[in-house]
Every structure is written in C-alpha cells, then in structure tokens.
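Please read the structure below before turning to the comments.
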Amino acid sequence: MRHVIVGNGVAGVTAGQAIKQASPAAEVHIFGAEPYPYYRRPLLWEFIAGQIEQDDLYFRPADWYAEQGIQLHLGAQVSSLDAADIGRASADIGRASVAHRLALADGSRVEYDRLLLATGGRPFVPPCEGTDKKGVFTLRTLEDALAIKAYAQTVSTAIVIGGGLLGLETARALHTAGLDVTVVEFFPYLLPRQLDPEGAEVLQALLEAQGVQVITDAATEAILGDVYADCIRLKDSRIVEGEMVLFSTGIRSEVELAQAAGLDVNRGIVVDEHLRARRGNGQPTEDVFAAGDAAEFEGRVYGIIPPSIEQARVAAANMVTPGSATYDGTLPSTTLKVAGAELTSLGESVVEDGATELRHVDRAAGHYRKLVLRDGRLVGAILLNDKQRVRPITQLIDRGVDVSEHAKRLLDDDFDLKSLL
Ligand SMILES: Cc1cc2nc3c(=O)[nH]c(=O)nc-3n(C[C@H](O)[C@H](O)[C@H](O)COP(=O)(O)OP(=O)(O)OC[C@H]3O[C@@H](n4cnc5c(N)ncnc54)[C@H](O)[C@@H]3O)c2cc1C
C-alpha cells in the first residue's frame, strides 16, 4: 500500500512515522515544498535571536527518514491532485478503475493508495499600504527566518504588528538580537485570544520592564519609506519608527490544492472524526485525509503543534486501518515564555455564555491566575508565572471533575488542587 503525504511539517512527519510503525511494509512518501528536512518552527525564534545555529533547528539526524523507511522528496511542490476519485460518490470508487494521482510542479506524476494533506498554513497579512517595501517580513519558514536574521543585522529598530503569541515571541527574539522593538496591537490589550485585559496588563508591564515597547488599540494603516520601510502610520495618524516591520497577524490554512481538487474547504480542509477530507458535496472521501494547520475540525483550525500531532496520529491510523481511530478535538493549551514569565492558557480561557470566572491578580509579583468554570467544572484557565498549577488544572479540565464545592478556595495559594483528582 502506497501512502503519500503532502507536507513535511510536524503533521506530515508524525503521520509518516506512525504509518511505518503500524505497517512496516507500507510504502511511505513525503513530499515537501521546502528544501529542508523537518525543522521545529518554534526554534526559529532562537535562531533569529542568535542563540542557536541553523543546524540546531533540525529535529532529527539527516538519515532519520531513510532509517524509518520513509522516502523523502524535498523541494517537491505538489501542484495538483487528480480530482477524478474525489468528485465521485464513494460507492463508485473501484481502486482498479480510478486514478489516485497527484502531479508535481516538475510535471511528474505520483500514484497513491492513501493521501494525507498536511500542507500547513501561511501567514496572513491584513490589507495595508506599503507591504511591498523592503524590510517588511512575515515569519513562517526557515527561509523567512534567514531573511529576517540577515536584515536585522543591518538595522537597529523593528516593529512587530500583532501582539498575539507568535508576535510577542518574535518581538522577544528581535530584542535579544539587539534591536529596539515596538509591538503594535490592534486590540486594546495583548494576547487577545488568550488573555483578558487584567492578565494582559500584568504581561505588558513585564515586557516593558524588559525593554519591549507596546502600543495597543492601534490599527496599522500604512508602512512608510521610499524603497525601504522606515516607520508605520496608524489610523489615528500616529507614526511609529521602525526600520523593519514584521507582520504577525495570523495564518490561513494552505488549502489551494484541496480546493482545486473539489474537496470541501471552509477555513481549512474540512475533516471528519477519522480525519477524512470531504468532497464538495459533504460526503467523506475514502482515501484522502488532512491534518495539522491545513485541517478544519468542527469549525476550528487550531494552528498549533499539539493538535497537529494528535490529528496526524489519528489520520495515520485510519490510513492504515480505515475507521480504527477517532479524533474528538484537542484541549488547546499554549505556554509562552516571555520576558522571564511563563504564561499558560488552557481550554476556554475567555468567558462566554454560561461560564463563570475566578481571578487572582498580583501585579507587583507579576502573578495572574484565572479559572473558568461551567456547570461546576473547570473548562479553562490562564496562569501567569504559576507553573506548578498547570498540570493539576489540565487534569481537572480533562477529567471534568466537579469542583463546585471548593470553588471559593480553588485560587488560594495553600489549596492543594491535586486533592481533587
Ligand atoms: C515561528 C513560529 C513559532 C511557532 N511556535 C509554536 C509553539 O511554540 N507552539 C505551538 O504549538 N505552535 C507553534 N507554531 C505553530 C506551529 O508551527 C504549527 O502549528 C505547525 O507547524 C503546524 O504543522 P503542519 O505540519 O500542519 O504545517 P507546517 O509546519 O506549516 O508544514 C506544512 C508543510 O507543507 C508544505 N507544503 C504546503 N503545500 C505544499 C505542496 N503543495 N506541496 C509540497 N509541500 C507543501 C509547506 O512547505 C510546509 O513545509 C509556531 C509557528 C511559527 C511560524
């Protein structure tokens, strides 16, 4: 059985390894458009900061793929899928009569029995004047990081547009590299997807104490400069100086291949609980799967590593043995280290209908703790500089433990959360 994986990121590589483990005789090919073997995107920050070398980015030794029995094709852009099998009703798909094929940019064609689309995402840049100037960047790939690192050595100030998780880490990397950095955030506070205003205030104070400037409530209107960017203009006419500008304003799933082949695409490639892609008519495909930043499950594109790994494993199991594994979502959990602080957000960290919250704020000590409860059970949390609580709270959320009797004491320093497990 020939398994073909498009994408050599964490989802593609995890799936390739899982397929070989479950079915050593399977033929596994990974096609990756980038010229490099798998590297860890989070390490790009340390690379830009000058703390590690390019060789340190690679997660596995160069011969890892061969050792696993995976055939790796680098610099291999898949340009189209043969839509014939995708457009038909599943009952019509007889393996002998229908092509399962994809085409590469160099014109060659590859046949598959099972296909995984692990094509990831690309940075999204909102409409803004002047994004074509020299010195304007986004960060997704090693190629981007190399360009950013080289440019950063020629300037002394930078603006990061976007005060989300990736933006703040990028700001920190550039600051470590010796630049004066200003973060410009559209929302009234940092990390709008993970934090609430009070938590963000604590984080902003920590960042500013480290020398990273923060401007919130700021919509970028234009990047100014002749050929090279030298400042930005905000909608309220304020000017922010910066010789390089980095957009960190979200991602969009890489869906072109899937869309052109007639698969069901919304924000990402729509998948079911077996990670099977669907045809445009909503029927699942039998042989085409998607995972990672490219995939949309129950309306959600996660955009982070843990769900990419989980999805890849489930997809791989089903590629080897159809229907053998089920995915029911991943508890979103992110930990950010910034300005010496450790910030973790778990599950539903923003309170919505029917939920209540408990909060503990200690600005002086840089502590912030918030728990979100629904029906007496923890469903989310934000923890700033509170590492020892991450594990028990994750377990309480995962296990759906009823904590209502102890709600008043949950945030107390001396309350042992583990006693509830
Ligand atoms: C700088 C940075 C830091 C990050 N840090 C964290 C972090 O700390 N924690 C966290 O959870 N997440 C982090 N993320 C997000 C995380 O990297 C992504 O969630 C993860 O990479 C998704 O994996 P993936 O395999 O789905 O996609 P990707 O890693 O994007 O890999 C997809 C690959 O598919 C290739 N591809 C696409 N189309 C084709 C085609 N047609 N033919 C051939 N190849 C193709 C692409 O070139 C790419 O190499 C970070 C992201 C960035 C950019």
Verdict with supporting geometry, Phe247 and Val245, side chain to side chain contact (heavy atoms under 4.5 Å, CB included): CA-CA 7 Å; Phe247 276 91; Val245 178; 4.2 Å; yes

Leu117 and Leu263: CA distance, side-chain angles, deciding distance, side chain to side chain contact (heavy atoms under 4.5 Å, CB included) verdict: CA-CA 11 Å; Leu117 297 171; Leu263 290 172; 3.8 Å; yes

Audit row: Glu243, Thr157, side-chain hydrogen bond (donor to acceptor under 3.5 Å, both in side chains) steps and yes/no: CA-CA 5 Å; Glu243 300 150 283; Thr157 53; 2.6 Å; yes

ring-ring contact (aromatic ring centres under 6.0 Å, His included) evaluation trace for Tyr58 with Tyr38: CA-CA 6 Å; Tyr58 303 114; Tyr38 172 59; 9.3 Å; no

Steps toward side-chain hydrogen bond (donor to acceptor under 3.5 Å, both in side chains) verdict (Asn385, Glu342): CA-CA 5 Å; Asn385 280 333; Glu342 190 151 305; over 6 Å; no

Worked check of side chain to side chain contact (heavy atoms under 4.5 Å, CB included) between Leu371 and Arg359: CA-CA 7 Å; Leu371 302 178; Arg359 264 196 294 183; over 6 Å; no

CA sep, side-chain torsions, deciding dist, call: Ile239, Ile232, side chain to side chain contact (heavy atoms under 4.5 Å, CB included): CA-CA 6 Å; Ile239 298 290; Ile232 63 170; over 6 Å; no

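In this structure the side chain of Leu346 never reaches within 4.5 angstrom of the side chain of Val372, judged on heavy atoms. Side chains of Tyr65 and Pro37 form a contact here, defined as non-hydrogen atoms less than 4.5 Å apart. A 4.5 Å side-chain heavy-atom check between Ile19 and Ile5 finds at least one atom pair inside the cut-off. At least one side-chain heavy atom of Trp64 sits less than 4.5 Å from a side-chain heavy atom of Ile70. No side-chain heavy atom of Val160 sits less than 4.5 Å from a side-chain heavy atom of Val184. In this structure, Leu179 and Met244 have side chains that are in contact, with non-hydrogen atoms separated by less than 4.5 Å. In this structure the side chain of Val212 never reaches within 4.5 angstrom of the side chain of Arg172, judged on heavy atoms. The shortest distance between side-chain heavy atoms of Val13 and Arg60 falls below 4.5 Å.
The backbone N or O of Gly292 sits nowhere less than 3.5 Å from a side-chain atom of Ser308 that would complete a donor-acceptor pair. In this structure, Asp264 contributes its side chain and Gly282 its backbone to no donor-acceptor pair below 3.5 Å. Listed for the Asp375 side chain is no donor-acceptor partner under 3.5 Å among the backbone atoms of Arg377. Under a 3.5 Å cut-off, the side chain of Tyr302 and the backbone N or O of Thr330 do form a donor-acceptor pair. For Asp56 (side chain) and Ile52 (main-chain N/O), no donor-acceptor pair under 3.5 Å exists by modelled atom type. Glu185 places a side-chain N or O within 3.5 Å of a backbone atom of Phe187 that can act as its donor or acceptor partner. Remark: side-chain polar atoms of Asp386 are not paired, donor with acceptor, to backbone N or O of Arg389 under 3.5 angstrom. In this structure, Thr138 contributes its side chain and Pro123 its backbone to no donor-acceptor pair below 3.5 Å. Looking at Gln213, its side chain never comes within 3.5 Å of a backbone N or O of Thr182 through a donor-acceptor pair. A distance-only check finds no donor-acceptor pair linking the side chain of Lys235 to the backbone of Thr220 [under 3.5 Å].
Heavy-atom neighbours of Glu67 CD from other residues, nucleotides or ligands within 6.0 Å: above the threshold of 12. Within 6.0 Å of atom CZ in Arg391, 12 or fewer heavy atoms from other residues, nucleotides or ligands are found, so the atom counts as exposed in its surroundings. Heavy-atom contacts from other residues, nucleotides or ligands closer than 6.0 Å to CG of Asp236 number more than 12. Residue Tyr36 qualifies as enclosed at atom OH: its count of foreign heavy atoms under 6.0 Å is above 12. Other residues, nucleotides and ligands contribute more than 12 heavy atoms inside 6.0 Å of the CZ atom of Phe124. In Glu208, the CD atom is crowded: over 12 heavy atoms of neighbouring residues, nucleotides or ligands sit closer than 6.0 Å.
A salt bridge does not link Arg109 to Glu111: none of the charged side-chain nitrogens sits closer than 4.0 Å to a carboxylate oxygen. Taking 4.0 Å as the cut-off between side-chain N and carboxylate O, Arg313 and Glu310 do not count as a salt-bridged pair. For Glu348 and Arg374, the salt-bridge test passes: some basic side-chain N is under 4.0 Å from an acidic carboxylate O.
Aromatic ring orientation, His73 versus His29: parallel (interplanar angle below 30°, classes split at 30° and 60°).
Residues Gly12 and Ala118 share a closest heavy-atom pair of N-CB, 3.7 Å. The shortest heavy-atom contact between His274 and Thr326 is CE1-OG1, 3.9 Å. Heavy atoms only, all atoms of each residue included: Thr249 and Pro126 are closest at OG1-CD, 3.2 Å. Considering all non-hydrogen atoms of both residues, Ser324 and Ala317 come closest at OG-O, 3.1 Å. The shortest non-hydrogen separation linking Val202 to His367 is CG1-N, 4.3 Å. Nearest approach of Ala294 to Val255, heavy atoms of both residues: O-CG1, 4.3 Å.
No hydrogens or angles considered: nothing links the side chains of Glu201 and Tyr368 as a donor-acceptor pair under 3.5 Å. At a cut-off of 3.5 Å, with distance as the only test, a side-chain donor of Arg41 or Tyr39 sits close to an acceptor on the other residue.
A distance of 6.5 Å separates CD1 of Ile393 from CG of Leu378, quoted to the nearest 0.5 Å. For the atom pair CD1 (Ile309) and OG1 (Thr14), the distance works out to 5.0 Å, reported to the nearest 0.5 Å. Within the model, atoms CG of Leu384 and OG1 of Thr344 stand 9.0 Å from one another, a figure rounded to the nearest 0.5 Å. Of the inter-residue distances, the one linking Arg114 atom CZ with His100 atom NE2 reads 8.0 Å to the nearest 0.5 angstrom. In this structure, CZ in Arg101 is found 13.5 Å from CG in Leu115, a value given to the nearest 0.5 Å. Once rounded to the nearest 0.5 Å, the distance linking CZ of Arg278 with CG of Asn266 reads 9.0 Å.
Checking Arg140, Arg122, Arg252 one by one against Asp293, the salt bridge (Lys or Arg N to Asp or Glu O under 4.0 Å) holds for a single residue, Arg140.
Under a cutoff of 6.0 Å and an axis angle of 45°, Lys149 and Phe47 form a cation-pi pair.
Residue pairs satisfying the ring pair (Phe, Tyr, Trp, His ring centres under 6.0 Å) criterion with at least one member in residues 150-177, sequence neighbours excluded, are listed as follows: Phe137-Tyr151. Applying the salt bridge (Lys or Arg N to Asp or Glu O under 4.0 Å) test to residues at least two apart or on different chains, the pairs with a partner in residues 15-29 are Arg2-Glu27.
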